[in-house]
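Here is how names work: the chains are called A, B, and so on, in the same order as the sequence lines, proteins then strands, and each is numbered from 1.
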Protein chains: 2
Amino acid sequence: MPSSIEYIEKLRKSNLRPTKQRIKICEVLFNADKTFHFTISDLAKMIEVNANQKISLATVYNTIHAFEKKGYLKEIAINSSQTYFDTNTSNHHHFFDEKEKELIDLENDGLDPINIKKNIPGKIIKSVEVLVKVDVDK
Amino acid sequence: MPSSIEYIEKLRKSNLRPTKQRIKICEVLFNADKTFHFTISDLAKMIEVNANQKISLATVYNTIHAFEKKGYLKEIAINSSQTYFDTNTSNHHHFFDEKEKELIDLENDGLDPINIKKNIPGKIIKSVEVLVKVDVDK
DNA sequence: AAATAGTTAATAATGATTCTAAATTGTATG
DNA sequence: CATACAATTTAGAATCATTATTAACTATTT
Ligand SMILES: [Mn+2]
Ligand SMILES: [Mn+2]
Ligand SMILES: [Zn+2]
Ligand SMILES: [Zn+2]
C-alpha cells in the first residue's frame, strides 16, 4: 500500500500537480488490495465514504481522464449507459455480467491466445479487447 | 433484394405490424448489397435521403430496438457517444477505426478461434466479442 | 512574497436516448 | 364496408452521463 508521498512523486513525474483531490483519488484507486473496475459514480461514492473531503464531480472526471491518458487506468469498451474504468492496466480481457452490470477480469491464461490474421492497410492495431457477456444460467 | 411484400411477411411472422415506417427501415437496412454498421443518426440520414416520408426519431429508435430483439440486428460494444448496430448478424468480430469512427468486420477466418477456458460459476456465456482498435500508422 | 500557470468546483450546456400522451393506423370482427 | 381496439407513431419533454465554462483557489517558480 503506497504512501501519500509515493503518489505525490508519481503525479509529479507525470506532470500532474499533486493536489489533495488527486492524491485522494490515487488512494481510493491504488491502495486497494486488488485491482477493480468502476464507473465514475462508483468512484464518487467510494470517495464520499472514504473521505473527509468532497470532490467535485467535474474534478473526478478530469482526474480519471488524466490518469487514463497517463496509463494509470484503462477504459473498457462495453455498451452501457456509463463508462467503465479498470485499475488493472495489464493486458487482459473481461467478462461482463449482464445481471449485475459488473466486470470480471479474464486474464490471458483464461483463454487461448488471440491472433489477428487480417490487417487493415495503413492502420496499426492499438488494442485487442475480448468481451464475454454472461448471464444467469436458468 | 427482397420486396416490400417479403418484409411484410417477415414483420408479421415476428409479431410486428408491418407499418410504412418499419417497411421503409427494412428496405434501408436489408436491401443493401452488403451488410453494414450504423448509428441511429446514420440511419436517420439514410432514411431522409432515401425516403419520400419522414420518420420520427422515436420511431427509428423503437424500430431498431424491436429489430434487435428479434435478432435482425446486432448491437456492437464500443465506447462511443453513440451506439452502433450491425446488419450482419452472423458470429463475427470488429475492427474499430478510431480516426474514422467506423467499424470494419473481422470475420472468424480473420483470427484464430476464440476459446474461453475460464468460466463464471452459475453464469453462462451469452456472447464473445473481439474489438480491435486501429488507428493511422504514423 | 508576488507572479504565473495549473487546478478545482459550481453550474450550465450538450447530446444521445428514453418517456409521455395524444393522434393515427393496422387488424379483427360483425 | 363499418366499428372497435390494441398497437404504433409522433412531437416534444425529460433524463442523465458527460463536457464546457469560468471565477476562485493553489502549487510552483522566481
Ligand atoms: Mn476517456
Ligand atoms: Mn438495445
Ligand atoms: Zn479488468
Ligand atoms: Zn459487423
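The stretch residues 7-23 of chain A touches DNA chain C through A:L16, A:R17, A:T19, A:Q21, A:R22, each having a heavy atom within less than 4.0 Å of the strand.
Between B:S81 and the phosphate of C:dG15, there is no side-chain N or O to OP1/OP2 separation shorter than 4.0 Å. Residue A:T83 places at least one side-chain N or O under 4.0 Å from the OP1 or OP2 atom of D:dT18. Between B:Y61 and C:dT18 there is no side-chain N or O to OP1 or OP2 distance below 4.0 Å. An OP1 or OP2 oxygen of C:dT17 is reached within less than 4.0 angstrom by no side-chain nitrogen or oxygen of B:H65.
Rounded to whole Å, atom P of C:dT7 lies 20 Å from atom NZ of A:K54. Atom CD1 of A:I64 is separated from atom P of D:dA17 by 16 Å (rounded to the nearest Å). In this structure, the CG atom of A:N62 is 17 Å from the P atom of D:dA17, given to the nearest Å. Atom C1' of nucleotide D:dT18 and atom OH of A:Y84 are separated by 16 Å, given to the nearest angstrom. In this structure, the CG atom of A:L57 is 18 Å from the P atom of D:dT21, given to the nearest Å. Rounded to whole Å, atom P of D:dT18 lies 11 Å from atom CG of A:D42. One can place CD1 of B:I25 at 11 Å from C1' of D:dT9, the figure rounded to the nearest angstrom. When rounded to the nearest whole Å, the span between CD of A:Q82 and P of D:dT19 equals 13 Å.
In terms of the side chain to side chain donor-acceptor pair (under 3.5 Å) criterion, residue partners of A:K24 (sequence neighbours excluded) are, by chain and number, A:N50. Shown here are the side chain to side chain donor-acceptor pair (under 3.5 Å) partners of A:Y84, two or more places apart in sequence or in another chain: there are none. Legend: residues meeting side chain to side chain donor-acceptor pair (under 3.5 Å) with B:N115, ordered by chain and number and at least two apart, are A:D112. When the salt bridge (Lys or Arg N to Asp or Glu O under 4.0 Å) test is applied to B:D135, no partner is found at least two apart in sequence or on another chain.
With A:H92 as the fixed residue, the side-chain hydrogen bond (donor to acceptor under 3.5 Å, both in side chains) test singles out one of A:N108, A:D109, A:D105: A:D105.
For residues 35-58 of chain B, no residue pair satisfies the salt bridge (charged side-chain N to carboxylate O under 4.0 Å, His left out) rule, not counting sequence neighbours.
Both A:T59 and B:S41 lie close to DNA chain C; mapped to their nearest nucleotides by heavy-atom distance, the more 5′-ward contact belongs to A:T59.
For the pair B:K118 and A:F95, the cation-pi criterion (under 6.0 Å, within 45° of the ring axis) is not fulfilled.
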